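Just so we're clear, the structure is a prediction, and the values are computed from it rather than from any experiment. Just so we're on the same page: letters track the sequence lines, and every chain starts at 1.
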2 protein chains.
Amino acid sequence: MTEKDDFDLRNFMPFLLNLAAEQSSLGFQRTYKNRYGMLRTEWRVLFHLGNYGEMTAKEIGERAVMHKTKISRAVAKLSQRRYLTRTRDEHDRRSERLTLTPAGLVVYRELRQEAEAYETQLGKQFTAGEVVLLRMMLRRLAGLD
Amino acid sequence: MTEKDDFDLRNFMPFLLNLAAEQSSLGFQRTYKNRYGMLRTEWRVLFHLGNYGEMTAKEIGERAVMHKTKISRAVAKLSQRRYLTRTRDEHDRRSERLTLTPAGLVVYRELRQEAEAYETQLGKQFTAGEVVLLRMMLRRLAGLD
DNA sequence: GAATAATAGTTGATTTTGTAACTAACAAGA
DNA sequence: TCTTGTTAGTTACAAAATCAACTATTATTC
């Protein structure tokens, strides 16, 4: 019995997913990186705060599935740029409640608009039904839902 | 006219794709990283050589969509572990023809089997038709085809 | 209410990646 | 042939991610 040889790396899901993720991130990266000098970790934190309102670092970490050290450093940078403020939670003084400043909110809104436009652009490659299905599958693979 | 607020980060393609890619890579990563002490760049190079036979670094870079520095370092490590041999191409002495050693081939076969099993596992979450469609869409997003 | 364990977040050391500059070899045109 | 340009691959340095250890605070247990 000979070894089967129909394995194609380019069909291997983890490979394909990583490649698709990388490629589809490039365009948007140009916006937040080149134009706003931000890292991926930073816009993700910014987006969470803009999107869901006041949160703690821990909550962001859970939603964004990001390690706490990444969050800590992203928060530090955003705070330094006066995009967010940190206030100790008086019920649990270990954690801080993070909120966007007006300046942070402005940047969030600008970036969100870019994100929406970018998303629309990406979607043009597919039918509406395909996009829905794709999202559904990705969410399942991502372990969301 | 008020700002629309139906933007959900968890539906944003670059975000979802990255998350799905990360999550779906974790299981396989445990195999090549913990059990074989390899990096993602290294198994990718190994897989290309095992899959397509003798190649140059440049060819691998094109197929795998990896930067030449990553390849260079991965090749150095694999060579150091005696998983591959490098021989100067006499027609173009700038490049080297890379080939797996018997030891490298063994590891490739083991890892490929793991990859196939892992892929099957991942696929169980979807119907066969969904998998085909998902691959198709990912390839398009990845800029392949 | 001490003592111990657990949690939120930070910091430092190490590893990995990204960027740019570099070497060596080939290619093309004058 | 000599200059200029291009390409394959490496190396050095900077940026970023990972991992472990740490501080401060809260929760638990005896």
Quick one: [X] [atom1] to [N] [atom2], roughly how many Å, whole number?
X: B/Arg94; N: C/dT23; atom1: CZ; atom2: P; answer: 17 Å
X: A/Asn34; N: C/dG18; atom1: CG; atom2: P; answer: 15 Å
X: B/Arg97; N: C/dA25; atom1: CZ; atom2: P; answer: 18 Å
X: B/Lys77; N: D/dG9; atom1: NZ; atom2: C1'; answer: 18 Å
X: A/Lys70; N: C/dA8; atom1: NZ; atom2: C1'; answer: 18 Å
X: A/Lys68; N: D/dA21; atom1: NZ; atom2: C1'; answer: 10 Å
X: B/Lys33; N: C/dT16; atom1: NZ; atom2: C1'; answer: 10 Å
X: A/Asp89; N: D/dT25; atom1: CG; atom2: P; answer: 13 Å

- Under the ring-ring contact (aromatic ring centres under 6.0 Å, His included) criterion, do B/Phe28 and B/Trp43 qualify, and how do the steps go? CA-CA 11 Å; B/Phe28 187 57; B/Trp43 79 254; 5.2 Å; yes
- Check: A/Thr56/A/Asp89 side-chain N/O donor and acceptor closer than 3.5 Å: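 Short answer, no.
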- Message: Between B/Glu59 and B/Lys68, does any side-chain N to carboxylate O distance fall below 4.0 Å?
- Response: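 Judged by the 4.0 Å cut-off on N to carboxylate O distance, B/Glu59 and B/Lys68 do not form a salt bridge.
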- Salt-bridged, B/Arg73 to B/Glu42, with N to O below 4.0 Å?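 Between B/Glu42 and B/Arg73 there is no salt bridge, as every charged N stays at least 4.0 Å from the carboxylate O atoms.
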- Scan B/Ile71 against the nucleic acid and name what it touches under 4.0 Å (heavy atoms): base, sugar-phosphate only, or nothing.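 No contact.
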- Check every strand shown and say whether B/Thr69 touches a base, only sugar-phosphate, or nothing at a heavy-atom separation below 4.0 Å.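 Answer is base: heavy atoms of B/Thr69 come under 4.0 Å of a base.
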- Query: Mapping A/Arg88 and A/Arg73 onto DNA chain C by nearest heavy atom, which one lands closer to the 5' end?
  - Reply: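 Here A/Arg88 is the residue nearer the 5' end.
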- Message: As a test of reading the structure: which of C/dT19, C/dA8, C/dT10 is closest to the side chain of A/Ser95, going by heavy atoms?
- Response: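 Among C/dT19, C/dA8, C/dT10, the one nearest the side chain of A/Ser95 is C/dA8.
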- Does D/dT10 have OP1 or OP2 sitting under 4.0 Å from an N or O in the side chain of B/Ser72?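 Result: yes.
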- Query: Just to confirm, is there a sub-4.0 Å distance from OP1 or OP2 of D/dT10 to any side-chain nitrogen or oxygen of B/Arg86?
  - Reply: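 Answer yes for this pair, as a side-chain N or O of B/Arg86 is under 4.0 Å from OP1 or OP2.
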- How close do B/Phe7 and A/Ala115 get, heavy atom to heavy atom, and via which atoms?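 Where B/Phe7 meets A/Ala115 most closely, the heavy atoms are CZ-CB, 3.9 Å.
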- Item | Polar side-chain contact A/Arg93-D/dT23 base: donor and acceptor under 3.5 Å |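 Answer is no: no donor-acceptor pair is held.
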